[in-house]
Each structure stands twice: as structure tokens, then as C-alpha cells.
Visitor: 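Got a structure for you, questions after.
We're numbering straight along the sequence, starting at 1.
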Amino acid sequence: MKQERGASIMEILGVLAIAGVMSAAAISVYNVIRTNQTRKIASIELGQIAKNTELLMGMRGDYTGLSVDYLISAGALKNNQAPIGGDDWSVSPNIDATGYSINLTQLTEGECQYFTVSKPEWATSVIVNGIEVSTTPNCFSTATNKISFMVEPNK
């Protein structure tokens with residue numbers, strides 16, 4: 001009698017299939033963790049922008065002239081790169097210049113929902129796609145969402 005050595009082709013294919021499924025699951029978990037981390041970092045950066053803006057302009061009580069370029073020239077921001085979303089983001093005074101808004105554009109639906117559900121404590125209100133958020137987010141399914149964090153320090 002001859003004894004066989006090694007694995008059959010079916011056993012090898014079975015092992016490869018299991019390894020493939022495990023790799024796909026690991027990549028999926030990694031992407032979720034990476035996305036959540038990116039959102040948390042952006043949230044921290046937005047809080048720092050709000051804090052720096054308050055330190056720079058809060059004593060005046062007037063936010064006239066506030067912009068991303070102004071914050072960069074004053075040393076409150078390192079560059080004009082958006083914390084998250086598109087590069088056409090802005091920081092601007094409200095109508096009567098007693099407060100300001102941090103405006104993010106081109107956010108995905110997931111990013112929009114994240115910032116809507118976890119409203120930052122430094123923001124007085126959050127406006128999503130032109131509508132103030134009360135209970136349910138108004139996020140689009142495409143990456144065209146715009147969020148404005150309204151900050152009114154004296155409220």
C-alpha cells in the first residue's frame with residue numbers, strides 16, 4: 001500500500017477560501033476604524049479652530065473680517081486645508097458679526113450624519129444643507145452635503 005503525502009487540491013482551495021473571507025472581513029473592519037478615526041480627528045480640529053477663533057477675536061466681541069485667510073495670517077491656522085470634506089470650506093462672521101460659522105462642504109452622507117448626531121458642545125447650532133438640525137439630519141446620499149456650525153459666544 002502506498003501512502004499519500006500532502007494535501008489535495010480541494011483542501012488547498014478550502015484553506016484559500018477561508019483566508020480570503022477572513023482577509024475581506026479584516027479590511028472591512030480596518031476601513032470602519034479608519035473612517036471613525038478621521039471623523040474624530042476632524043472634530044478635534046474643528047474644536048481647535050473654534051477655540052483659536054475665540055482667543056483671537058473673542059475679546060473684541062466683533063467677528064468682522066473673519067475668514068480662513070485671516071486666521072492663517074494671524075497664526076490661528078497652519079494652512080487652508082479643510083479638516084474634512086471639500087477644500088472650499090470657510091469661516092465667516094454671522095450677519096451682525098456677534099458670532100461666526102465654520103462651514104464645511106462636500107461631505108459624504110456618513111460624515112454629515114456623524115457631525116449632525118454628535119453636535120459639538122462649542123457650537124450653538126448646526127445647519128445641514130440650509131436647514132437647522134433639530135432631531136433628524138437632512139443629509140443627502142451624495143457627497144454634496146454642507147454643514148455650518150454656528151457659534152454665538154454670548155448665548
Visitor: Going by ring pair (Phe, Tyr, Trp, His ring centres under 6.0 Å), name the pairs with one or both residues in residues 83-111, residues two or more places apart or in two chains.
Guide: Y63-Y100

Visitor: Calculate, to the nearest 0.5 Å, the distance between atoms CG and CG belonging to N145 and N138 respectively.
Guide: 8.0 Å

Visitor: Applying side chain to side chain donor-acceptor pair (under 3.5 Å) as the test, list every pair that has at least one member in residues 36-45; sequence neighbours left out.
Guide: none

Visitor: Can you see which heavy atom on P83 is nearest to which on L104, and at what distance?
Guide: CD-CD2, 4.2 Å

Visitor: So how far is it from R34 CZ to I27 CD1, rounded to the nearest 0.5 Å?
Guide: 12.0 Å

Visitor: Can you check side-chain contact (heavy atoms from CB on, under 4.5 Å) on K119 and V133, steps first, answer last?
Guide: CA-CA 10 Å; K119 179 188 145 221; V133 175; over 6 Å; no

Visitor: Testing the basics here: between I49 and V91, what is the closest heavy-atom pair and its distance to 0.1 Å?
Guide: CG2-CG2, 4.3 Å

Visitor: Mind checking the CD1-OG spacing from I131 to S148? Nearest 0.5 Å is all I need.
Guide: 12.5 Å

Visitor: Search all heavy atoms of P93 against all heavy atoms of G65 and return the closest pair with its distance.
Guide: CG-N, 4.4 Å

Visitor: Quick test of your reading: applying ring pair (Phe, Tyr, Trp, His ring centres under 6.0 Å), list the pairs with at least one residue in residues 12-55, sequence neighbours left out, ordered by first then second residue.
Guide: none

Visitor: Could you identify which residues cluster with I12, counting Ile, Leu, Val, Met, Phe, Trp and Tyr as linked when any side-chain heavy atoms lie under 4.5 Å apart, either directly or through a chain of such contacts?
Guide: L16

Visitor: If you compare all heavy atoms of V68 against all heavy atoms of S90, which two are closest, and at what distance to 0.1 Å?
Guide: CG2-CA, 3.9 Å

Visitor: Quick one: hydrophobic cluster around M150, which other residues, with the 4.5 Å side-chain cut-off, linked directly or via members?
Guide: I127

Visitor: How far apart are the closest heavy atoms of V128 and C112, and which atoms are they?
Guide: CG1-SG, 3.4 Å

Visitor: Could you tell me which residues satisfy side chain to side chain contact (heavy atoms under 4.5 Å, CB included) with S67, sequence neighbours excluded, listed by chain and number?
Guide: D69, Y70

Visitor: What distance do M57 atom CE and M59 atom CE have between them, rounded to the nearest 0.5 Å?
Guide: 12.0 Å

Visitor: Report the hydrophobic cluster partners of M22, with the cluster defined as I, L, V, M, F, W, Y residues connected by side-chain heavy atoms closer than 4.5 angstrom, directly or transitively.
Guide: I18

Visitor: Could you check T116, I102, L46, N103 and say which one makes a side-chain contact (heavy atoms from CB on, under 4.5 Å) with I147?
Guide: T116

Visitor: To the nearest 0.5 Å, how far apart are CG in N94 and CD in E152?
Guide: 5.5 Å

Visitor: Closest approach of P153 and E54, non-hydrogen atoms and distance?
Guide: CG-OE2, 3.1 Å

Visitor: Among residues at least two apart in sequence or on other chains, which ones pass side chain to side chain contact (heavy atoms under 4.5 Å, CB included) with T142?
Guide: F140, T144

Visitor: Please determine whether residues V126 and V117 belong to a single hydrophobic cluster, defined as Ile, Leu, Val, Met, Phe, Trp and Tyr linked transitively by side-chain heavy-atom distances below 4.5 Å.
Guide: no

Visitor: For M10, which fellow cluster members are found when Ile, Leu, Val, Met, Phe, Trp and Tyr are connected by side-chain heavy-atom distances below 4.5 angstrom, either directly or through intermediates?
Guide: I9, L13

Visitor: Rounded to the nearest 0.5 Å, how far apart are OG1 of T108 and CD of Q113?
Guide: 8.5 Å

Visitor: For S28 and A24, indicate whether the former's side chain and the latter's backbone hold a donor-acceptor pair under 3.5 Å.
Guide: no

Visitor: Listed by chain and number, what are the side chain to side chain contact (heavy atoms under 4.5 Å, CB included) partners of Q48, not counting sequence neighbours?
Guide: K51, N52

Visitor: W122: which residues meet the ring-ring contact (aromatic ring centres under 6.0 Å, His included) condition with it, sequence neighbours left out?
Guide: F149

Visitor: Using side chain to side chain contact (heavy atoms under 4.5 Å, CB included) as the criterion, list what pairs up with Q106, not counting sequence neighbours.
Guide: D88

